[in-house]
Amino acid sequence: MRQKVLIFVCCFFAVISLGAKKIGVIKIGCVGPITGDQASLGLDQLHALQIAVDETNAKGEIIPGYRLEIVSLDDQHNPSQAVAMAKRLASDPAVVAVVGHVNSSCSLAAGPIYQNARLTQISPSSSNPEISRKGYDTFFRTCATDDIQAPQAAYFAFTQLKARQVFIIDDKTTYGKGIADEFEKEILRLGATMFGHEGIMQGDKDFTPLLTKIKALNPEVIFFGGMYPEGALLVRQAKALGLSAEWLGGDGLYVPAFIVLAKEDAEGVYCTFIGADVRSLASAKHYIETYNARFGQERGPYSAYAYDASNIIIDAIRKTGKLDRQAILAQVKATKDFPGIVGVTNFDAKGDSTIGLIGVFRVKNQAFEYIGPAKK
Amino acid sequence: MSHLETFLQQLINGLTIGMIYALIALGYTMVYGIIQLINFAHGEIFITGAFFGLAVFSLFPSLTQWNSVFTLVLMFCAAMAGCGLLGVVIERIAYRPLRKAPRLACLITAIGISFILQNVLMLIWGPVDKSFPAFFKHSALTVGALRITFMQGFIITTSLVMMIALRFFVTRTMLGKALRATSEDMTAARLMGINVDKVISVCFLIGSALGGAGGVMYGMYYNTISFHDGYLVGIKAFTAAVLGGIGNVPGAMLGGIALGMLEGLGAGYLSSAWKNVFAFLILVILLLCWPSGILRKSRNE
C-alpha cells in the first residue's frame with residue numbers, strides 16, 4: 001500500500017511538472033536614486049524602463065520561454081551605495097543588463113563591477129566624459145557628454161548672453177565639477193574674464209555667504225555646475241540678496257522639480273540639456289502620452305533617454321535569443337542606427353552616443369521654453 | 001558693495017541661521033542639563049516641525065489667500081504643539097523606561113528614535129524635497145547695499161522673543177525653579193517634593209516645541225525641506241550647544257549665534273566648499289581652548 005501511494009505521488013508530480021509550462025525570467029537591472037533629494041530622476045528612469053518592459057511583455061514572450069522582469073535598486077546617488085547595488089546585480093545570474101546609473105559619480109564607481117561581470121550598462125544621464133575614457137567596454141550611454149555640453153554652454157553664454165565677466169559655482173561632484181571645469185576652459189578661451197570658481201556642498205541649504213561674496217564682485221553671468229536642489233536654493237537666495245546676474249546651468253537644472261522648488265525666482269534662468277526638446281519630437285509623442293497617462297506626473301528630462309536605453313537592451317536580448325551576458329554585450333555594441341524616440345542612436349568606440357545635440361532652455365511662465373541648439 | 005558692507009551682510013546672514021541653530025540647540029542643552037542625555041532624535045523633531053507647518057498649509061489651502069498672518073500663527077502653533085507632544089511621547093515611551101539603565105543604552109535608543117522618525121517622515125511625505133510656502137516674497141530693508149530681508153528680520157525677532165520668554169520661564173517661574181533644581185540634583189529635588197517625571201516631561205515639551213518653531217522658520221527661510229534635513233542641522237545645533245557649554249541655556253543661544261556667524265564668515269571669506277568643515281573646525285579649536293564650552297562653569301563631576 002505504501003509503495004502504491006509513493007508511486008502515485010511520484011506520478012502526480014511528474015505530470016504537474018510536465019504539464020505546467022515553466023516561464024523563465026530575464027531580468028534587467030535599474031539603478032538610480034529612488035529616495036532622497038534626487039529621487040525624481042531615479043523614478044523617471046525606472047518608469048521609462050517599466051513602460052518599455054510592459055510593452056515588450058504585452059507582446060508575448062521576448063524569447064521563447066522567457067519574459068522580462070525589472071530589478072529596481074536604490075543607489076541614493078551615493079557612489080559607495082552604487083557599488084553595493086552593482087554587486088547585487090552582478091551576482092544574480094538572471095540579470096543580463098542594467099539601465100543606469102543616473103549620476104556620473106555612481107556610474108564611475110560601479111563601472112568596474114559591471115566590467116568584471118560582463119554586464120551591459122546603459123546610462124541615460126551620466127554625462128561626465130571621464131566614465132567612457134576609463135575603457136570599460138560594458139559602459140554605454142544614450143545622452144551626450146559634458147565635454148560637448150559645457151563648451152557649447154560657454155559658447156552660448158559668450159555669443160548669446162554676451163557674457164564677459166563670469167563667476168562659476170560647482171557642487172564638487174563628478175558631474176558638477178566636470179561640467180564647470182570644461183565651461184571654465186572654454187569661456188576663458190573665448191576671451192571672457194572669470195571672477196572666481198568656487199565649490200559648494202551638495203546637500204547644504206545655505207549659500208548666502210558665497211552669494212554675498214559674488215554680489216560684491218558683480219559678474220554678468222553665473223554658471224552653476226550641479227543639480228536642481230542646490231540650483232533652486234542658489235537662485236532663490238541670490239534674488240533675496242538682490243543679485244542681478246543671469247544664471248546659466250547644465251542639464252542638472254533642466255528638471256521640472258527645479259521650477260517647483262525655485263518658484264518665481266526660476267524665471268529667466270537658462271539651462272542647457274544633452275539633447276533637443278523631447279516634447280517637440282514627433283517620435284516621442286506616443287511615449288510622452290503613455291507616461292503621463294500611467295504615472296500622472298510630469299515626465300523628467302532623461303526619461304526619454306532611459307526609454308531608448310531600455311529598448312536598446314530589450315532589442316539586443318531579443319536578437320541574442322538567450323540568457324547570455326557576453327552575447328548581449330556584443331549585440332549592444334553592434335547597435336547600428338537604432339531608431340529611438342530621441343533620435344537615431346549609434347555608439348562610438350567608447351560607448352558614447354553619437355547624437356551629441358545640446359539644446360538651450362529658459363524658464364518662462366513657470367515652464368521650460370526651448371530656445372534652440374546652443375551652437376548653430 | 002564696499003568691503004564693510006559685505007562683511008556686515010555676512011554677519012546678518014550668519015545671525016539669521018545662527019538664531020535657528022540656537023533655538024534647536026536649546027532643546028539639546030535643556031535635555032542634557034536635566035538627564036545628561038544627548039537626545040539625538042532632536043534634529044528629527046526639528047524637521048518634523050517644518051513638516052507640521054507644511055501640513056497646515058496643505059490642509060487649508062484656502063486659508064492662505066484669506067489671511068497670511070493667521071496662517072503663519074497657525075503654522076507655528078501646529079508645529080510647536082505637535083513637536084512638543086512628540087517630544088513628551090518619545091520621552092515617555094523610549095527614555096523613561098531606561099532612566100536607571102546605563103547612559104549608553106539611552107543614547108543608542110535616541111539614535112534609534114532618530115532613524116525611526118526620519119523614515120516615518122519619508123513614508124508620510126515622500127522621499128523628494130518638498131517646496132515650502134514663501135512668505136514676505138523678497139521684500140527687504142536696504143541700507144546702502146546692505147539688504148535685510150523681512151524674512152531675516154522675522155526669524156531674528158521671533159527667535160529672540162522665544163529665547164527671552166524661555167529665560168523668563170527658567171529664572172522667574174516656580175516650574176522653572178523646579179527645572180533648575182532637578183538639573184542640579186535629581187535625588188535631592190525628589191526629596192524636596194518635586195515631581196521629577198513631570199519636570200522632565202515639561203523640559204522635553206519646551207525643548208521640542210522650540211525645535212518645532214525652528215523647523216517652521218527653517219522651512220520659510222530656505223523654501224525647501226526634506227526628510228533628511230534634520231540630521232545635518234541637528235548635528236550643527238548640537239555643536240552649537242557644546243560650543244556654548246552643554247547644559248547651559250544662555251550658552252546654547254550664544255553658541256548658536258556664534259556658530260552661524262563664524263560659519264558664514266568662513267564660507268564667505270575662505271572657501272564655501274569647506275563650509276561644514278569650518279563649523280566643526282571651530283568646534284575643535286574652541287573646545288581646545290575652553291574644554292567645557294564658552295559659558296559653562298567647570299563643575300566637579
Side-chain angles (χ1 to χ4, degrees), chain A residues 33-43 74 76 169-172 176-177 196-218 227-243 255 257-265 297, chain B residues 1-3 5-14 16-17 20 119 122 126-134 136-140 142 145-147 149-152 218 221-229 231-233 260 263-278:
Chain A
I34 52 179
T35 59
D37 52 351
Q38 293 177 18
S40 73
L41 297 178
L43 289 173
D74 185 9
Q76 301 165 359
I169 304 173
D170 72 59
D171 66 0
K172 298 203 296 179
K177 186 160 172 21
H197 183 163
E198 282 233 28
I200 55 164
M201 285 282 299
Q202 203 175 36
D204 198 357
K205 295 264 164 165
D206 194 351
F207 306 115
T208 44
L210 174 62
L211 292 166
T212 303
K213 176 176 162 178
I214 297 176
K215 189 185 177 193
L217 297 168
N218 198 19
M227 304 300 295
Y228 65 91
E230 288 78 28
L233 285 162
L234 276 168
V235 299
R236 275 199 77 82
Q237 290 170 16
K239 274 277 163 60
L241 280 169
L243 251 79
V255 184
F258 171 70
I259 300 178
V260 174
L261 294 176
K263 301 192 182 84
E264 68 279 1
D265 297 326
Q297 65 187 62
Chain B
M1 222 177 165
S2 71
H3 286 298
E5 280 169 330
T6 309
F7 180 76
L8 288 176
Q9 183 76 60
Q10 297 284 23
L11 281 188
I12 293 165
N13 300 338
T16 315
I17 182 68
I20 297 179
N119 285 289
M122 193 189 81
V128 284
D129 282 24
K130 286 277 167 205
S131 174
F132 203 88
F136 309 121
K137 300 291 172 213
H138 288 317
S139 34
T142 41
L146 262 186
R147 271 174 75 90
T149 57
F150 281 1
M151 194 62 240
Q152 289 179 318
Y218 177 86
Y221 191 42
Y222 295 121
N223 298 119
T224 62
I225 51 171
S226 85
F227 70 97
H228 53 64
D229 277 357
Y231 172 73
L232 188 64
V233 179
E263 187 184 68
L265 291 179
Y269 285 99
L270 298 167
S271 160
S272 64
W274 303 100
K275 191 175 144 214
N276 291 338
V277 178
F278 288 129

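Order of the sequence lines fixes the chain letters, A, B, ..., with proteins taken first and strands second; residue numbering starts at 1 for each chain.
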| Is a donor on one side and an acceptor on the other found under 3.5 Å between the side chain of Lys215(A) and the backbone of Thr6(B)? | no
| Quick check: does any side chain N or O of Arg147(B) sit under 3.5 Å from a backbone N or O of Ala240(A), one acting as donor and the other as acceptor? | yes
| message | Within the 3.5 Å criterion, strictly below it, is a donor on Glu198(A) or Ser272(B) matched to an acceptor on the partner's side chain? | response | yes
| Can Lys205(A) and Thr224(B) be counted as having a side-chain donor-acceptor contact under 3.5 angstrom? | yes
| field | Test side-chain hydrogen bond (donor to acceptor under 3.5 Å, both in side chains) applied to Lys263(A) - qualifying residues, sequence neighbours left out | value | Ser131(B)
| request: Calculate, to the nearest 0.5 Å, the distance between atoms OG1 and CD belonging to Thr208(A) and Gln152(B) respectively. | output: 7.5 Å
| task | Calculate, to the nearest 0.5 Å, the distance between atoms CD and NE2 belonging to Gln76(A) and His228(B) respectively. | result | 9.5 Å
Using heavy-atom distances under 4.5 Å, tell me whether [X] contacts chain B through its side chain, its backbone, both, or neither.
X         : result
Asp171(A) : neither
Ile34(A)  : backbone
Asn218(A) : neither
Leu241(A) : both

| query | Under 4.5 Å between any side-chain heavy atoms of Asn13(B) and Thr212(A), yes or no? | reply | yes
| said: Is the shortest side-chain heavy-atom distance between Tyr222(B) and Gln237(A) below 4.5 Å? | reply: yes
For [X], which atoms come within 4.5 Å of any heavy atom of chain A: side chain, backbone, both, or neither?
X         : value
Ala140(B) : neither
Ser271(B) : both
Phe132(B) : backbone
Ile12(B)  : neither
Met122(B) : side chain

| Residues in salt bridge (charged side-chain N to carboxylate O under 4.0 Å, His left out) contact with Lys130(B), at least two apart in sequence or another chain | none
| remark: Of Ile200(A), Leu210(A), Asp204(A), the one forming a side chain to side chain contact (heavy atoms under 4.5 Å, CB included) with Lys275(B) is Asp204(A)
| query | Lys172(A), Arg236(A), Gln38(A): which one forms the most heavy-atom pairs within less than 4.5 Å of chain B? | reply | Arg236(A)
| Relative to chain A, which of Leu232(B), Leu265(B), Thr142(B), Asp229(B) shows the most heavy atom pairs under 4.5 Å? | Asp229(B)
